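Just below is one structure, and these are the notes that go with it.
The figures that follow rest on heavy atoms only: side chains count, while hydrogens, waters and symmetry mates do not. Residue numbering restarts at 1 for every chain, and letters A, B, ... go by the order of the sequence lines. As the structure is a prediction and not an experimental result, all values here were calculated from the model.
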There are 2 protein chains.
Amino acid sequence: MPKEFVDFSRAPGGHDLLNDIEPASARRLAHAALDSFSSVGYGGTTTRIISERAGLSSGALYVSFKSKEEILFLCTRVSHESALGVLRAAAETPGSVMNRLRKMMYDFTLWHARNHAIARVAQYELAGLTPEHHELIAELRRQIESVMRSQIQLGVDQGEFDIEDQAGLTLAALSLAIDVCRWYSDGGRLSAERLADSYSGLVTRMLSSSRDGAPREGADALR
Amino acid sequence: MPKEFVDFSRAPGGHDLLNDIEPASARRLAHAALDSFSSVGYGGTTTRIISERAGLSSGALYVSFKSKEEILFLCTRVSHESALGVLRAAAETPGSVMNRLRKMMYDFTLWHARNHAIARVAQYELAGLTPEHHELIAELRRQIESVMRSQIQLGVDQGEFDIEDQAGLTLAALSLAIDVCRWYSDGGRLSAERLADSYSGLVTRMLSSSRDGAPREGADALR
DNA sequence: GTCTATAGGAAGATAGAC
DNA sequence: GTCTATCTTCCTATAGAC
């Protein structure tokens, strides 16, 4: 099967986003590359290391992929598509806007905890992409931001939220969830579910005003 | 002046953390290295590019530095020391704990916006450090977390904060500020000061319960 | 302290046997 | 489709002239 037909279209948002790649050699190569990218970076990873860890020779990599960058693009694209899919699905949650945003933050955070390795590559190795590939990813990123922003805007329009800077809140919520991929580790004290629950609670607080006239000695929030 | 005596001890937390490096050739090299590290990563940066951008030959780099890693360590260390210094200074703010935490979040966020390039290197290139250097940085990172956590703990002990997971809140506050270095750009719509103000307001909200009995249809916050 | 030159090896990618 | 062998380029770091 020539390299153009590597199948990675069925990324489900589940646990291993590269598991549907066919054939098996391409899948092993992608897994090996992702492991190395996420631990020592794209620039610190050699094609020889990737091949070796996949149990193949150095030349065999180029049967499945045109270049090292193509593997990076694969990881980055699959990651962004999966995260966007999860966020879009959560944006269909019925009920109040606040409830929907809680669900969106829960799922988006959970996704970044569970997929922290591929998410890290997707967030931190954008500079390694070709300009064409970079632009394709940038479009996915704009869509992610748009899904979150439009829900927050809806809450503001309905008078549900007590905030003055929708764009800032969008950024903060996304940032909090995305940064999970930087520090989260599988063996830590915090389960992905607890973290997602905690963060969805924080979003509730961020979208409501503080309890009463709590002392505000400094500058005010979100002007 | 031999390489052991490159002077970078006076990093002030101001605008250019590498500006006090002497002699000038080492300073130019460090600046050039930081530029490249922050845009294409440590692994994607070559010593030749660093030397060239500093206006020196490829061999001249090794007069000021033992290796490429030593420059990375310099950037990483200066960055962490400066951020820790800013946070420590803010932790001396008089008044209520809430007020103090607002100031800490303001300053820490402002620092990450103003120093986003060096902060990005410091956060994302830890894997490039030698084990010895990595451990030195890890100690600074523990101290940063400790300063933030102890203030939040103090607020809880005094009954000022309505939260149940101090460690989680510590993580969230630090994470929000640190992630600024990933997405912040100097030419953006948001000034560093406005962002810091916004984020210090968010911390206030995160540390207080929501306004009234706002509908909570899903899981509860911060169990 | 800066240069040129180069050692010595490793990088990405390709060719051709099987 | 995988291998070994190799092309060409580039890498980090050092040596030695000035």
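- Here salt bridge (Lys or Arg N to Asp or Glu O under 4.0 Å) pairs that include residues 24-37 of chain A, with residues two or more places apart or in two chains, are A:Glu22-A:Arg27.
- Using a 30° and 60° split on the angle between ring planes, B:Phe37 and B:Tyr42 fall in the perpendicular class, above 60°.
- The nearest whole Å value for the distance from the NZ atom in B:Lys68 to the P atom in D:dT14 is 15 Å.
- Applying the salt bridge (Lys or Arg N to Asp or Glu O under 4.0 Å) definition to pairs two or more places apart or across chains, those involving residues 133-148 of chain A are A:Glu135-A:Arg142, A:Glu139-A:Arg142, A:Glu145-A:Arg149.
- For residues 48-61 of chain A, proximity to DNA chain C is found at A:Arg48, A:Gly59, defined as any non-hydrogen atom under 4.0 angstrom from a strand atom.
- Applying the ring pair (Phe, Tyr, Trp, His ring centres under 6.0 Å) test to A:His80 and every residue at least two apart in sequence or in another chain returns nothing.
- Counting to the nearest Å, the C1' atom of D:dT14 and the NZ atom of B:Lys66 are 15 Å from each other.
- Rounded to an integer number of Å, the gap from A:Phe65 CZ to C:dT14 C1' is 18 Å.
- With sequence neighbours left out, the side-chain hydrogen bond (donor to acceptor under 3.5 Å, both in side chains) criterion links A:Ser175 to B:Asp179.
- Look at B:Tyr62 and you'll find a side-chain N or O under 4.0 angstrom from OP1 or OP2 of D:dA13.
- The ring pair (Phe, Tyr, Trp, His ring centres under 6.0 Å) check on B:His116 picks up B:Tyr184, with sequence neighbours excluded.
- For the pair A:Leu72 CG and C:dG12 P, the interatomic distance rounds to 13 Å; values are reported in whole Å.
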